[in-house]
Structure formats: structure tokens, C-alpha cells
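The structure appears below as C-alpha cells.
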Amino acid sequence: MMANFDKLKNGGIFGKGVLNPYGQFFIGDTFLNGLTTSPDEKISVGTVTFEPGSRNNWHIHHDGYQILLVTDGKGWYQEEGQPAQSLKQGDVVVTKDGIKHWHGAKVDSWFEHIAITAGTPEWLNPVSDAEYNKL
């Protein structure tokens with residue numbers, strides 16, 4: 001199954017980018033490719049590529065939002081107090097201002113999404129292996 005997503009090791013249609021400079025807020029290796037920002041620099045657009053099993057910490061976007069456009073692979077998205085949602089190519093997730101959430105790859109798949117982000121992130125605790133392995 002993972003062989004279907006091996007091409008993400010080298011990056012999807014926009015390229016893999018660089019080892020994520022925000023890696024301290026992630027478990028496992030992820031790669032960031034900053035694509036553009038809005039003219040007023042209040043909105044950023046970039047791809048994040050997650051190796052199998054990698055994920056970001058719980059976090060909140062303050063005074064903004066985040067839109068995820070899944071471009072390849074398989075992953076998870078979860079808001080606090082809600083069941084995790086399985087994600088695949090073509091899925092869209094909209095996270096509203098102030099919602100605690102996390103997202104990342106499934107254990108057996110690379111995962112890539114475009115993130116359209118406004119506001120300031122507040123990085124919180126990691127998603128524990130115990131939490132993640134229940135999915």
C-alpha cells in the first residue's frame with residue numbers, strides 16, 4: 001500500500017521543499033515548501049509533506065484560520081473532543097479561529113496537503129503515540 005505514495009518522498013506537484021523549520025512542533029520528519037503569501041502578508045500558502053506516522057502537535061490558530069487541501073497520500077485530522085477524520089487526496093478541511101486540532105500522516109502512508117493559513121499559531125502538546133496508535 002505504501003508504495004502508492006513513494007513518489008511523495010521526492011515531493012508532489014510543487015516539490016517537497018525543505019526539512020520543516022518548525023520541526024520542534026512535529027513528531028517525525030516533515031517538509032515545508034512555502035509557495036506564496038498574500039500581498040498584505042497576512043495569509044501564507046505552502047505545502048507540508050509528512051513521512052509515514054509523522055504529525056504536528058495540537059495547535060490553535062488565533063485571529064485567523066487554516067484551510068487544508070489534501071493533494072496526495074493518506075492522513076488524519078482531528079479537532080479536540082471530536083473523532084479523527086481520515087483524509088485522502090481531494091479532501092478539504094477548514095479549521096476555524098480558536099479550534100484546537102492536529103493533522104498528519106497515517107502510519108503506512110506519506111501525506112501532503114496545501115495549507116492556507118491566516119493568524120498566529122499557538123503550538124501545544126504533542127499528539128502522544130498512545131493517542132495516535134488508537135486511530
Side-chain angles (χ1 to χ4, degrees):
M1 167 94 99
M2 192 164 22
N4 294 335
F5 307 109
D6 279 347
K7 66 182 178 221
L8 283 178
K9 287 181 186 177
N10 298 316
I13 61 173
F14 294 105
K16 188 162 67 171
V18 298
L19 192 61
N20 195 332
Y22 301 98
Q24 72 267 31
F25 305 116
F26 289 71
I27 292 175
D29 284 340
T30 61
F31 301 87
L32 179 64
N33 187 356
L35 299 176
T36 193
T37 58
S38 62
D40 62 6
E41 298 185 357
K42 292 183 179 181
I43 300 169
S44 65
V45 180
T47 62
V48 182
T49 304
F50 297 78
E51 71 176 4
S54 64
R55 60 223 182 244
N56 54 31
N57 289 6
W58 288 98
H59 60 287
I60 297 170
H61 298 278
H62 294 287
D63 300 318
Y65 55 83
Q66 188 170 55
I67 300 169
L68 304 177
L69 308 172
V70 180
T71 53
D72 212 337
K74 294 186 178 183
W76 294 109
Y77 170 84
Q78 185 174 22
E79 293 181 357
E80 184 177 44
Q82 301 296 319
Q85 299 174 31
S86 181
L87 299 176
K88 65 184 181 329
Q89 185 179 44
D91 287 341
V92 176
V93 174
V94 178
T95 304
K96 295 181 181 174
D97 183 31
I99 300 296
K100 184 178 176 180
H101 68 286
W102 70 271
H103 32 103
K106 290 194 174 183
V107 71
D108 61 350
S109 177
W110 285 77
F111 177 61
E112 181 187 73
H113 62 57
I114 296 171
I116 302 166
T117 307
T120 304
E122 176 186 0
W123 292 101
L124 304 167
N125 54 304
V127 177
S128 71
D129 289 342
E131 286 176 283
Y132 180 81
N133 291 331
K134 288 180 187 176
L135 301 176

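In this chain, residues are counted from 1 in sequence order.
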| field | Minimum-distance pair of heavy atoms, taken over all atoms of Leu68 and Ala115 | value |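 For Leu68 versus Ala115, the nearest heavy atoms are CD2-CB, 4.0 Å.
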| Closest heavy-atom pair and its distance - Gly15, Thr47 |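 Looks like O-OG1, 3.9 Å.
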| Listed by chain and number, what are the salt bridge (Lys or Arg N to Asp or Glu O under 4.0 Å) partners of Glu80, not counting sequence neighbours? | Lys100
| Geometric class of the Trp110/Phe31 ring pair [parallel <30°, tilted 30-60°, perpendicular >60°] |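 Judged by the thresholds at 30° and 60°, the geometry between Phe31 and Trp110 is parallel.
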| request: May I ask you to decide if the ring planes of His61 and His59 are parallel, tilted or perpendicular, using 30° and 60° as cut-offs? | output: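 The arrangement is perpendicular - the two ring planes meet at more than 60°.
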| said: Hydrophobic cluster membership, with links at side-chain heavy-atom distances under 4.5 Å among I/L/V/M/F/W/Y: are Ile13 and Ile67 in one? | reply: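 Linked, Ile13 and Ile67 end up in one cluster.
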| Note, Pro121 side chain near Gln66 side chain (heavy atom, < 4.5 Å) |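 Contact flag for Pro121/Gln66 side chains = no.
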| said: Keeping Glu51 on the side-chain end and Asp29 on the backbone end, is there a donor-acceptor pair under 3.5 Å? | reply: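 Flag set: sc Glu51 to bb Asp29 pair under 3.5 Å.
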| request: Return yes if a side-chain donor-acceptor contact under 3.5 Å exists between Thr71 and Glu112, otherwise no. | output: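 Thr71 vs Glu112: donor-acceptor pair found between side chains.
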| query | How long is the span from the CZ atom in Phe26 to the CH2 atom in Trp123, to the nearest 0.5 Å? | reply |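 It is 4.0 Å, given to the nearest 0.5 Å.
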| Euclidean distance, Tyr77 OH relative to Asn56 CG, rounded to 0.5 Å |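 It comes to 10.5 Å.
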| So, Arg55 and Asp129, do they make that salt bridge, N to O below 4.0 Å? |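 A salt bridge is present here (some side-chain N lies under 4.0 Å from a carboxylate O).
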| message | Considering only residues two or more places apart or on different chains, which pairs with a residue in residues 17-28 satisfy side-chain hydrogen bond (donor to acceptor under 3.5 Å, both in side chains)? | response | Asn20-Thr30
